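Data first, discussion second: the structure below is written as structure tokens.
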Protein chains: 4
Amino acid sequence: MTPLNDEQLHQIRDERREQIKAAAAQVFARKGILCAKMSMIAETAGISSGLLYHYFKSKDELFMSLVQEALDGSVAAVRGVYELPGTPIEKIRAMTEVILDESGAPYFLLVHQARTSDGVPEPVKRLLLQYSMDHYIELLLPLFEAGQRAGEIVAGDSRELISSYLSVLSGIMVVSSYGMKDYCIPKVDRLLRVISSH
Amino acid sequence: MTPLNDEQLHQIRDERREQIKAAAAQVFARKGILCAKMSMIAETAGISSGLLYHYFKSKDELFMSLVQEALDGSVAAVRGVYELPGTPIEKIRAMTEVILDESGAPYFLLVHQARTSDGVPEPVKRLLLQYSMDHYIELLLPLFEAGQRAGEIVAGDSRELISSYLSVLSGIMVVSSYGMKDYCIPKVDRLLRVISSH
Amino acid sequence: MTPLNDEQLHQIRDERREQIKAAAAQVFARKGILCAKMSMIAETAGISSGLLYHYFKSKDELFMSLVQEALDGSVAAVRGVYELPGTPIEKIRAMTEVILDESGAPYFLLVHQARTSDGVPEPVKRLLLQYSMDHYIELLLPLFEAGQRAGEIVAGDSRELISSYLSVLSGIMVVSSYGMKDYCIPKVDRLLRVISSH
Amino acid sequence: MTPLNDEQLHQIRDERREQIKAAAAQVFARKGILCAKMSMIAETAGISSGLLYHYFKSKDELFMSLVQEALDGSVAAVRGVYELPGTPIEKIRAMTEVILDESGAPYFLLVHQARTSDGVPEPVKRLLLQYSMDHYIELLLPLFEAGQRAGEIVAGDSRELISSYLSVLSGIMVVSSYGMKDYCIPKVDRLLRVISSH
DNA sequence: GATGAATGAGTGTTCATTCAT
DNA sequence: CATGAATGAACACTCATTCAT
């Protein structure tokens with residue numbers, strides 16, 4: 001009796017969800033929650049605005065699901081640094097390249113928007129508290145300390161060093177995420193000078 | 001009962017305009033054009049929203065006049081770097097400190113918003129074309145080249161160097177402009193490592 | 001694999017229609033036309049919302065078919081009062097009990113909704129004109145007049161008496177139809193006092 | 001400097017609020033919260049829909065303020081019964097006349113809608129708990145008991161008697177509140193028969 | 001026959017802007 | 001000059017209805 005079997009239906013739903021999430025990530029990243037229009041997300045995704053609500057209960061829920069995913073991904077990416085080959089500074093260089101690789105830009109901006117915009121729903125705020133910058137600093141601490149011991153990274157307060165480096169990277173990501181020619185993404189080697197002992 | 005004379009009226013008018021612009025700069029910087037509400041600007045300025053329209057024809061005009069001012073100011077500030085005492089790198093260090101000094105943050109953010117937000121009125125876009133990053137690069141070129149000749153600044157493509165440095169500074173300004181504990185403003189010395197030859 | 005024959009199809013169709021009408025009566029009675037959602041009717045009936053439209057062209061048509069049925073049933077019920085055993089007042093008492101018996105409540109409410117809601121489609125309005133309160137008064141007139149002649153019912157304008165009694169009954173049905181503890185259904189004897197001569 | 005003085009402003013605001021409340025009472029009473037459209041209230045009040053929101057934060061708040069007022073008024077009216085002249089049954093007759101007087105109908109319906117509709121905001125539900133039917137029964141208890149002692153009111157469970165009478169009255173109000181010729185408001189004497197000992 | 005994905009018109013609400021005072 | 005009441009266009013979200021499968 002069922003005209004489309006469960007598997008087909010499931011596949012359609014999944015595809016649509018991904019299609020919507022991709023469109024939404026782009027729009028939210030650029031505009032922030034308040035300024036992002038659902039109609040614009042729908043248009044970007046190539047669907048009617050009504051259909052958006054078959055897949056996500058509300059703008060807030062859609063935003064939250066994206067932020068959740070971005071945060072999970074970013075933690076995984078940072079954790080993954082330990083699997084990379086090479087000395088500490090080489091690992092950091094590889095991680096930096098991954099971060100600056102523009103494919104992750106929308107997600108970076110998304111989290112930035114979530115951290116800095118008004119109108120962020122309360123559940124997202126709670127989520128962000130769990131993924132504060134300190135969280136990332138702790139994740140990277142062993143790596144930087146190893147680098148310092150190896151003489152590859154300048155001596156000094158490691159947490160402050162990591163915080164500075166991440167702020168620089170975040171800043172670059174944010175300003176360069178708009179596809180504007182005004183800002184450029186510096187070469188990785190230049191950025192590494194901030195922390196390397198040369 | 002005595003009607004105010006022209007001069008007094010003019011003075012009131014000027015004071016009000018400044019009062020409004022200060023409030024608007026703050027609100028626009030934090031929210032972007034689209035999300036900044038005229039009512040919020042009025043409230044911040046301590047006046048009625050209706051009065052806003054006696055002084056500025058529209059939100060767009062108000063925004064544009066602020067961007068104009070911020071751009072003029074930033075050019076003046078960058079030009080001023082040549083008046084600062086010391087060697088090239090010392091001048092750059094001083095300029096960096098001024099930029100990162102939070103007092104200039106609202107204007108910086110304002111220009112950033114103007115460059116990256118949607119909904120920016122066409123005249124503002126034209127304005128920004130005249131003040132592209134290249135414009136600042138040209139202004140700073142003699143200084144950086146002098147620094148390179150003096151051996152204070154790493155050798156290499158000076159334009160690319162300046163562009164990278166400005167992007168890093170801009171990024172830091174943007175991410176740290178929200179008073180969030182997540183991002184930190186690195187020490188100036190750390191940032192200078194990006195360009196200095198040590 | 002063997003396709004169902006016409007008779008079986010017809011039977012399925014009829015069963016479905018009844019299933020839908022039962023669900024719809026319940027939902028319309030509680031919410032009114034405008035607030036009743038087709039999705040809610042579908043869910044109550046245990047079918048997909050799309051299927052609703054195989055059986056009823058539109059919400060309005062579904063509503064109208066229910067109202068038609070409820071009106072026909074109510075006329076039949078009132079006509080049936082003459083078949084009941086006993087004296088006029090005993091017949092009326094029996095009828096009152098049937099009316100207040102909650103099993104008929106959904107249909108009663110349905111007609112009430114049809115009479116009082118906005119958004120009632122024009123054809124339904126025309127239908128209701130044919131089944132005005134006067135129609136019921138005429139049906140009951142012989143019974144009440146017999147009661148008056150028998151001294152069981154208070155003397156006076158019989159039409160006004162019937163109208164008052166029906167209004168009281170309708171009112172009770174409506175306010176008590178929500179399963180709320182705030183309103184109670186009075187004992188039949190109490191209500192009969194309105195018309196009985198004691 | 002202030003162009004309209006506070007008093008004038010206050011007066012305009014009060015007038016508008018009353019104008020809106022009158023329109024809203026009418027629309028809410030007829031349609032219930034969910035089906036009442038703010039645009040319709042605005043139209044009924046003769047103002048733009050935007051202006052509604054200068055005076056009431058939301059549909060819910062508007063609804064609640066009306067329900068609050070209606071409940072306060074109804075309690076005051078019932079309490080006022082003790083100030084009326086005459087014997088207990090005469091007081092009740094007077095009170096009944098006041099209730100059935102159509103001027104209060106919209107408020108009656110409003111409370112009815114609040115008690116029975118879906119979509120009633122939580123604060124209103126809490127309000128209604130405080131003004132349950134039991135509340136009114138307690139208010140009227142001394143009066144009915146006095147009537148019973150005086151032999152004017154039939155003996156029996158007074159609370160049940162009051163509850164029945166109020167249900168009958170409420171029902172009449174509700175069904176007759178739509179300005180429909182189908183239902184009539186019975187004469188007060190007829191309704192009093194429900195409780196009087198004759 | 002049966003499903004549920006898809007659409008689009010309509011509703012509650014916000015906000016830039018105007019205007020009477 | 002100054003106010004805030006008033007408007008209307010725009011946006012988030014809902015729901016009757018259609019249609020491919």
Side-chain angles (χ1 to χ4, degrees), chain A residues 1-6 8-9 12-13 15-16 33-42 46-60 62, chain B residues 3-4 8-9 12-13 16 33-42 47-60 62, chain C residues 3-4 8-9 12-13 16 33-42 47-60 62, chain D residues 1-6 8-9 12-13 15-16 33-42 46-60 62:
Chain A
M1 289 298 176
T2 313
L4 265 61
N5 64 39
D6 279 4
Q8 287 171 308
L9 232 39
I12 288 182
R13 279 193 76 84
E15 274 174 22
R16 275 274 182 269
I33 281 209
L34 284 179
C35 291
K37 311 299 174 196
M38 288 300 261
S39 58
M40 195 176 310
I41 294 174
I47 61 174
S48 73
S49 69
L51 190 54
L52 237 43
Y53 291 88
H54 271 265
Y55 290 94
F56 295 91
K57 220 164 44 198
S58 69
K59 194 182 184 179
D60 280 3
L62 174 54
Chain B
L4 299 172
Q8 285 170 308
L9 280 175
I12 288 181
R13 213 178 152 77
R16 276 271 188 265
I33 312 188
L34 286 179
C35 290
K37 317 292 174 208
M38 287 300 262
S39 60
M40 195 179 308
I41 294 174
I47 62 172
S48 73
S49 67
L51 190 52
L52 235 44
Y53 289 85
H54 271 266
Y55 290 96
F56 296 92
K57 215 163 50 197
S58 70
K59 196 182 184 180
D60 282 1
L62 174 54
Chain C
L4 299 173
Q8 285 171 310
L9 280 176
I12 288 182
R13 211 175 154 79
R16 276 273 187 264
I33 312 188
L34 286 179
C35 289
K37 317 292 174 207
M38 288 299 262
S39 60
M40 195 178 309
I41 294 173
I47 61 173
S48 74
S49 66
L51 190 53
L52 236 44
Y53 289 85
H54 271 266
Y55 290 95
F56 296 92
K57 214 164 51 195
S58 70
K59 195 182 184 179
D60 282 0
L62 173 55
Chain D
M1 288 301 177
T2 314
L4 266 59
N5 64 41
D6 279 5
Q8 287 170 306
L9 233 40
I12 288 181
R13 281 194 77 84
E15 275 173 24
R16 275 274 184 266
I33 265 222
L34 283 180
C35 291
K37 311 297 173 197
M38 288 299 262
S39 59
M40 195 176 312
I41 295 175
I47 61 175
S48 73
S49 69
L51 189 54
L52 237 43
Y53 290 86
H54 271 264
Y55 290 95
F56 295 92
K57 221 164 44 198
S58 68
K59 193 182 185 179
D60 280 3
L62 174 53

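Letters A, B, ... are given to chains in the order of the sequence lines, protein chains preceding strands, and every chain is numbered from 1. Everything numeric in this text was worked out from a predicted model, so none of it was measured.
Place D:S39 and B:C35 on DNA chain E by their nearest nucleotides, and D:S39 ends up nearer the 5' end. Nearest-nucleotide positions on DNA chain E for A:S49 and D:D60 put A:S49 closer to the 5' end.
What you find for D:A42 and D:S49 is that their closest heavy atoms are CB-CA, 3.6 Å.
A donor-acceptor pair is defined here as one N or O able to donate and one able to accept, closer than 3.5 Å; no such pair exists between the side chain of B:K59 and the backbone of B:M38.
Side-chain N/O atoms of D:K37 include none lying less than 4.0 angstrom from OP1 or OP2 on E:dT11. C:H54 has no side-chain polar atom (N or O) that falls below the 4.0 Å cut-off from OP1 or OP2 of E:dA2. Listed pair D:Y53 / E:dT13 meets the phosphate criterion, a side-chain N or O lying under 4.0 Å from OP1 or OP2. Distances shorter than 4.0 Å separate none of the side-chain N or O atoms of A:R13 from OP1 or OP2 on E:dG4. Dashed line: the shortest gap from a side-chain N or O of A:Y55 to OP1 or OP2 of E:dA5 is not under 4.0 Å.
Minimum atom distance to the side chain of C:R16 is reached by E:dA2, of the listed F:dC13, E:dA2, F:dA6. Closest to the side chain of D:S48, from the set F:dC13, E:dG8, F:dT7, is F:dT7. The side chain of A:K59 has F:dA12 as its nearest neighbour among E:dA6, E:dT13, F:dA12.
In a base pair of the Watson-Crick type (N1 to N3 plus N6-O4 or O6-N4) or a G-U wobble (N1-O2 and O6-N3), with each distance short of 3.5 Å, F:dA9 is matched with E:dT14. Pairing for F:dT21 goes to E:dA2, judged as Watson-Crick or G-U wobble with the two contacts each under 3.5 Å.
Counting only heavy atoms from C-beta outward, the side chains of D:L51 and D:R16 approach each other to under 4.5 Å. In this structure, C:L62 and C:I41 have side chains that are in contact, with non-hydrogen atoms separated by less than 4.5 Å.
Residue-level contact check: A:L52 touches neither bases nor backbone, having no heavy atom under 4.0 Å from any strand. Among the protein residues, C:A36 comes within range of the sugar-phosphate backbone only, with heavy atoms under 4.0 Å from sugar or phosphate atoms but none that close to a base.
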